[in-house]
Amino acid sequence: MTEHLPDALAAKVADLPKRASQDQLRKLIHSLCQWQPLNAMQLSHLLGRQRGPLVRNSLTPMIDAGLLAYTIPDMPKHPDQAYTVPSAKDDE
């Protein structure tokens, strides 16, 4: 999947330390989801992380903080659910 990433994002993914801080991981997740909506499995594959802890420790807190948004907001557990960065108009 990294072959489809823009070069700048692919470099950030490649440079992510194995023991990255939550801050580093969340910044990269934000950048990836700003590029295009991605589901938890895609993110876990790109970042080399297990899906469960990634959702629990990064994605859900980012949703709660308003840093990410669901692509299907009314159905958080939808099988096609993906994460995106909220647009400025969503804040109005």
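- Residue S58 comes nearest to Q22 through the heavy atom pair OG-OE1, 2.9 Å, listed as atom of the first residue, atom of the second, then distance.
- Contact check for L46 versus L5: side-chain heavy atoms found under the 4.5 Å cut-off.
- At least one side-chain heavy atom of R49 sits less than 4.5 Å from a side-chain heavy atom of L25.
- Defined by atom type and a distance below 3.5 Å, a donor-acceptor pair is missing between the side-chain atoms of S44 and Q50.
- Q34 CD to L9 CG: the interatomic distance, rounded to the nearest 0.5 Å, is 9.0 Å.
- Nearest heavy atoms, Q42 versus L38: OE1-CA, 3.3 Å.
- Of all non-hydrogen atoms in L28 and V13, the two that sit nearest each other are CD2-CA, 3.9 Å.
- Here the closest non-hydrogen pair linking C33 and L68 is CB-CD2, 3.8 Å.
- Side chain of Q81 to main chain of M75: a donor-acceptor pair is present (N/O by atom type, distance under 3.5 Å, no hydrogens or angles).
- Residue N39 holds its CG atom at 11.5 Å from NE2 of H45, rounded to the nearest 0.5 Å.
- When all heavy atoms of R56 and P61 are compared, the pair lying nearest together is O-CD, 3.4 Å.
- K27 contributes atom NZ, which lies 14.5 Å from atom CG of L32 (distance to the nearest 0.5 angstrom).
- You'll find the side chain of L43 stays beyond 4.5 Å of the side chain of V55, heavy atoms only.
- Between D15 and Q24 there is no side-chain heavy-atom pair separated by less than 4.5 Å.
- Between atom NE2 of residue H4 and atom CH2 of residue W35 there is a gap of 8.0 Å, rounded to the nearest 0.5 Å.
- Across all their heavy atoms, P86 and A69 have their closest contact at CD-N, 4.0 Å.
- No side-chain heavy atom of L67 sits under 4.5 Å from any side-chain heavy atom of R26.
- Side-chain atoms of T71 never come within 3.5 Å of backbone atoms of Y83 as a donor-acceptor pair (strictly under, hydrogens ignored).
- By the neighbour-count criterion of 12 heavy atoms within 6.0 Å, atom CG of D7 is sparsely surrounded, having that number or fewer from other residues, nucleotides or ligands.
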